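Single-structure report; data block below.
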Amino acid sequence: MALRLYNTMSSQIEAFHPLRDNEVRMYACGPTVYDYGHIGNFRTFIAVDMLQRFLRQSGYTVRYVMNITDLDDKIIRNAARDGVSVQQYTAKYEKAFLEDSATIGIEQPALVRATERIAQMADFVAKLVEKGIAYRTDDGSYYFRIAKFPQYGKLSKKDFSGMLDGARVDVDEYDKDSARDFALWKAPKPGEASWDTSIGPGRPGWHLECSVMSMQELGESFDLHAGGEDLVFPHHENEIAQSESLTGKTLARFWFHVRFLLVEGEKMSKSLGNFYTLRDLVLKGHKPSSIRYLLASVPYRNQLNFTFDGLQQAAVSVERLRNFRQRLSAGNFPPGSNLEMQTLAGETIDRMRASLDDDLNTAQAQAAIFEMVRSVNSAFDAGQIKKDDAAPLLAALETFDEIFAVVKDDDGPKMKEVFDWALTEGREKDVSAELRETVQSAQMSGTEIQARVEQIQELRKARNFQASDALRAETITAANIIIENTKDGIVWRRK
RNA sequence: GGCGCGGUACCCAAGUGGUAAGGGAGAGGUCUGCAAAACCUUUAUGCGUCGGUUCGAUUCCGACCCGCGCCUCCA
């Protein structure tokens with residue numbers, strides 16, 4: 001079994017093979033850094049992150065590049081509104097995006113910024129002009145002549161043949177030859193950033209940056225191009241037109257698009273009041289791991305309905321996996337090995353791999369790990385787990401977490417960062433009691449908690465249950481942890 | 001209007017031409033000084049509706065109803 005992926009270009013699931021032996025070159029359209037990232041953004045980036053993780057787990061070397069759009073109309077507008085330079089403005093939100101990505105467990109790709117490649121973009125336009133594909137209008141803007149690219153529409157399955165006859169639509173209004181022709185380069189306007197380049201002053205159109213940067217970073221033809229489903233048209237269609245008309249080569253073999261999510265059954269929008277940034281959720285006290293788990297649990301091509309009930313359920317699911325790991329890590333097994341457990345670990349890894357190979361079916365991969373968890377817990381209760389079984393079972397869990405990245409618990413420090421950010425931004429009023437508790441919990445050190453646990457243990461040994469229970473209750477509240485008495489002693493963990 | 005996706009138990013959500021994964025929640029139970037964790041049992045003769053094909057359909061086909069996306073820069 002090997003990876004099979006849905007390809008928007010062919011509208012089919014196809015076997016994925018990189019163009020070069022063992023190296024996958026992939027590109028994702030990153031954020032426009034004009035605001036804090038919302039959970040819809042992160043669904044997309046998590047999906048691509050899991051793909052990238054799975055490719056590496058499958059033995060490929062992955063070169064994963066993402067662009068940062070630090071130049072567009074909204075940025076110019078908002079920077080002016082805030083009275084800061086475009087650079088100051090984008091630096092703030094790029095930093096926030098990278099912090100949020102790390103918070104949500106996204107491994108950082110190689111980044112390229114639009115503003116760092118202006119000259120190359122101008123050169124790209126110049127080459128298109130040379131080929132007669134792009135043209136300049138009187139004001140100094142440049143447009144792409146889609147009549148020169150008959151395949152235009154092949155990705156989004158749109159038929160523009162009716163417009164390719166040179167019909168001049170609203171020429172006066174648009175100052176271009178066809179209404180469908182799109183801007184490659186925008187002539188300077190008063191008050192807007194402008195660059196002096198080989199093709200004159202101005203700034204690049206949005207689509208251009210991805211064509212230029214992907215080519216520079218990954219070559220004229222690479223393996224996979226990813227983004228949200230809204231980018232199919234016009235963004236990716238235009239990228240294809242620009243790049244392929246210039247090189248005559250296929251831009252990307254696979255086109256990977258992530259479906260939009262719904263929030264509480266409705267499209268997420270500010271007007272509906274169901275618009276959430278990642279930070280909004282953390283401020284409410286939700287753990288990054290819960291958010292990632294929920295966003296990862298529905299296969300990327302299906303609509304995901306993000307609900308607070310679902311977020312709660314995700315939190316419990318992650319908890320179950322963490323409890324499992326803690327139990328296996330604790331040791332205390334009789335010597336020897338149980339062949340069934342060894343087999344189970346291997347089969348689980350195979351099932352997870354087969355699920356992900358099947359167009360990244362994350363839901364099935366989760367089912368596989370949970371079935372293993374139940375079987376192993378059951379064997380555990382029956383005393384059938386032996387010393388040598390822990391390692392392979394933990395390895396299976398680790399294989400899961402290499403993709404999902406939720407079992408390892410670093411929620412506390414990450415939530416503390418958001419907490420600190422809220423204070424510096426003067427948003428203390430938005431910090432929920434839940435987040436406050438979690439942050440306080442993270443502040444009680446492990447040794448401090450351990451000391452209390454030992455006291456509880458002593459009291460229990462003395463069968464002074466009233467005192468031990470009281471101290472336990474007090475510690476649970478003060479440190480926001482969970483304490484369990486087991487036959488092998490007390491174990492604790494942070495809530 | 002054009003193109004496309006989906007409607008599965010209380011909630012989230014996989015999946016298959018041969019009789020419904022997984023997680024959460026609820027109920028009962030086991031273990032336990034208590035609590036927690038864990039385990040066991042239980043919760044869809046049913047997979048939007050109506051037809052059709054078939055020995056047999058939730059799975060294929062058709063119609064209809066409902067939800068969602070894209071159709072000039074929203075992931």
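Every value quoted in this text rests on a predicted model; they were computed, and no experiment measured them. In what follows, every chain begins at residue 1, and chains take the letters A, B, ... in the order their sequences are listed.
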Next item on the list: Find the partner of B/U41: check Watson-Crick (N1-N3 plus N6-O4 or O6-N4) and G-U wobble (N1-O2, O6-N3) distances, both under 3.5 Å, and reply none if neither fits.
Entry: B/A27
Next item on the list: For A/F275 and A/H38, run ring-ring contact (aromatic ring centres under 6.0 Å, His included): C-alpha distance rounded to whole Å, both residues' side-chain angles, the deciding distance at 0.1 Å, then the answer.
Entry: CA-CA 7 Å; A/F275 185 95; A/H38 56 72; 5.2 Å; yes
Item checked: Nucleotide opposite B/G4 in a Watson-Crick or G-U pair, distances under 3.5 Å -> B/C68
Checklist line | A/A479: side chain to side chain contact (heavy atoms under 4.5 Å, CB included) partners, not counting sequence neighbours | finding: A/M444, A/I449, A/I481
List every contact pair, protein side and nucleotides 21-23 of chain B side both N or O, where the distance is under 3.5 Å.
from: B/A21; atom 1: O2'; to: A/E371; atom 2: OE2; distance (Å): 2.8
from: B/G23; atom 1: O2'; to: A/S317; atom 2: OG; distance (Å): 2.2
from: B/G23; atom 1: N2; to: A/Q313; atom 2: OE1; distance (Å): 2.4

Next item on the list: Would you mind telling me which residue lines up with the more 5' stretch of RNA chain B, A/C29 or A/E229, judged by nearest nucleotide?
Entry: A/E229
Note to self: Counting distance alone, no hydrogens or angles: does the base of B/C5 have a donor or acceptor under 3.5 Å from a partner atom on the side chain of A/R301?
What the structure shows: no
Next item on the list: With ring-ring contact (aromatic ring centres under 6.0 Å, His included) as the test, would you mind laying out the steps for A/F182 and A/H207 before giving the verdict?
Entry: CA-CA 9 Å; A/F182 58 88; A/H207 314 300; 5.6 Å; yes
Note to self: My understanding is that only one of A/F308, A/Y276, A/F306, A/Y293 makes a ring pair (Phe, Tyr, Trp, His ring centres under 6.0 Å) with A/H286; could you say which?
What the structure shows: A/F308
Next item on the list: For A/L304 and for A/R327, find the nucleotide of RNA chain B with the closest heavy atom, then tell me which residue's nucleotide is more 5'.
Entry: A/L304
Next item on the list: Please name all residues satisfying side chain to side chain contact (heavy atoms under 4.5 Å, CB included) with A/Q120, sequence neighbours left out, ordered by chain then number.
Entry: A/R117, A/V212, A/Q216
Checklist line | Shortest side-chain distance from A/N323, nucleotide among B/A75, B/C34, B/A38 | finding: B/A38
Check: Across all strands, who's sitting opposite B/C55 as a Watson-Crick or G-U wobble pair, both distances under 3.5 Å?
Finding: B/G18
Notebook entry, point to check: Step by step, would you call A/H257 with A/H236 a ring-ring contact (aromatic ring centres under 6.0 Å, His included)?
Noted result: CA-CA 10 Å; A/H257 292 105; A/H236 288 162; 4.9 Å; yes
